[in-house]
Amino acid sequence: MKRQLRITGLALFAVAILGSSAATEEKFQKLTAGQIRAKLADMELTDNVHWRDLYQRNGTVMSTSMGRMRTGKWRVEKDQLCIEFEKEPIPKCYDVWLSGKQVELRREGLLPLEGTLEPSNGRN
């Protein structure tokens with residue numbers, strides 16, 4: 001009986017630990033305008049497979065996506081990241097959500113763009 005209680009207690013403890021770490025990992029916070037500028041300037045946002053965007057401090061964004069390179073401008077408006085690429089005159093604006101190094105760029109009605117924020121390594 002004591003052994004069964006101990007096993008049950010350990011199982012509950014393990015579930016509590018695993019459950020709390022999973023909940024912690026998923027706590028994304030929406031960034032304000034100042035936080036977006038501070039986090040993105042001179043950083044790369046990438047999915048580590050298909051695309052990589054370098055956000056330069058001067059407001060230039062350099063993007064590589066599926067082997068295609070393009071440049072544009074980025075700015076922050078009303079707590080949103082707005083990106084305008086050459087030949088695409090209408091900027092796309094996103095709410096920026098952050099959890100550690102994980103970033104989600106969210107637009108109403110669309111699935112979020114998910115990526116990892118990394119220091120620039122000069123690949124673009």
Side-chain angles (χ1 to χ4, degrees):
M1 179 73 156
K2 287 183 182 180
R3 181 173 182 227
Q4 188 177 15
L5 285 174
R6 249 185 295 180
I7 291 172
T8 302
L10 286 173
L12 289 173
F13 180 78
V15 168
I17 294 295
L18 292 174
S20 68
S21 67
T24 302
E25 289 176 358
E26 295 186 24
K27 288 190 178 181
F28 279 86
Q29 294 183 337
K30 184 178 178 190
L31 300 185
T32 64
Q35 291 170 320
I36 294 169
R37 281 186 205 94
K39 291 289 183 184
L40 288 183
D42 289 334
M43 296 290 282
E44 289 183 350
L45 182 60
T46 178
D47 73 348
N48 290 307
V49 178
H50 305 100
W51 57 269
R52 176 174 302 278
D53 294 344
L54 169 61
Y55 294 89
Q56 296 177 333
R57 196 165 296 280
N58 67 2
T60 300
V61 60
M62 298 173 61
S63 178
T64 304
S65 178
M66 302 295 288
R68 180 177 163 221
M69 293 185 68
R70 56 191 185 154
T71 60
K73 297 288 181 186
W74 72 277
R75 64 183 179 280
V76 178
E77 290 181 7
K78 300 179 184 174
D79 292 335
Q80 288 191 316
L81 170 66
C82 296
I83 306 165
E84 183 178 340
F85 287 106
E86 295 172 352
K87 299 180 184 176
E88 295 176 18
I90 300 172
K92 294 180 182 172
C93 297
Y94 303 89
D95 291 327
V96 180
W97 292 75
L98 182 70
S99 176
K101 292 183 177 184
Q102 300 304 310
V103 175
E104 289 185 353
L105 301 181
R106 300 179 185 178
R107 287 183 67 185
E108 190 172 322
L110 298 174
L111 292 174
L113 295 173
E114 300 175 352
T116 305
L117 200 57
E118 303 174 347
S120 173
N121 64 12
R123 279 191 276 197
N124 275 3

J.: Taking only Lys NZ, Arg NE, NH1 and NH2, and the carboxylate oxygens of Asp or Glu, determine whether Glu44 and Arg52 approach each other closer than 4.0 Å.
T.: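 Salt bridge flag = yes for Arg52 with Glu44.
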
J.: Taking atom CG of Asp42 and atom OG of Ser120, what is their separation to the nearest 0.5 Å?
T.: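 It comes to 7.0 Å.
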
J.: Please report the interatomic distance CE(Met66) to NE2(His50), rounded to the nearest 0.5 Å.
T.: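 One finds 5.5 Å between CE of Met66 and NE2 of His50.
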
J.: Verify side chain to side chain donor-acceptor pair (under 3.5 Å) between Asp79 and Thr32, making sure each step is shown before the conclusion.
T.: CA-CA 5 Å; Asp79 292 335; Thr32 64; 5.0 Å; no

J.: Could you check if a side-chain atom of Glu118 sits within less than 4.5 angstrom of a side-chain atom of Thr46, using non-hydrogen atoms only?
T.: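 Yes, at least one pair of side-chain atoms sits under 4.5 Å.
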
J.: Could I get the full list of ring pair (Phe, Tyr, Trp, His ring centres under 6.0 Å) partners for Trp97, not counting sequence neighbours?
T.: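 Counting only residues at least two positions away or on another chain, Trp97 forms no ring pair (Phe, Tyr, Trp, His ring centres under 6.0 Å).
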
J.: Please determine whether side-chain contact (heavy atoms from CB on, under 4.5 Å) holds for the pair Leu54 and Gln56, giving the CA-CA distance in whole Å, both sets of side-chain angles, and the decisive distance to 0.1 Å.
T.: CA-CA 6 Å; Leu54 169 61; Gln56 296 177 333; 4.0 Å; yes

J.: With a 4.0 Å cut-off on N to O distance, would you call Arg106 and Asp95 a salt bridge?
T.: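 Judged by the 4.0 Å cut-off on N to carboxylate O distance, Arg106 and Asp95 do not form a salt bridge.
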
J.: For a quick test of your reading: what N or O donor-acceptor pairs under 3.5 Å do the side chains of residues 86-93 make, sequence neighbours left out?
T.:
from, atom 1, to, atom 2, distance (Å)
Glu86, OE2, Thr71, OG1, 3.0
Glu88, OE2, Arg70, NH1, 2.7

J.: If you link ILVMFWY side chains whenever their heavy atoms are less than 4.5 Å apart, which other residues fall into the same cluster as Val96? By chain and number, please.
T.: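 Val96 shares its hydrophobic cluster with Leu31, Ile36, Leu40, Met43, Leu45, Trp51, Tyr55, Val61, Trp74, Val76, Leu81, Ile83, Phe85, Tyr94, Leu98, Val103, Leu105, Leu113, Leu117.
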
J.: Within a 6.0 Å radius of atom CG on Leu111, are there more than 12 heavy atoms belonging to other residues, nucleotides or ligands?
T.: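 Atom CG in Leu111 is not packed in, count stays at 12 or less.
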
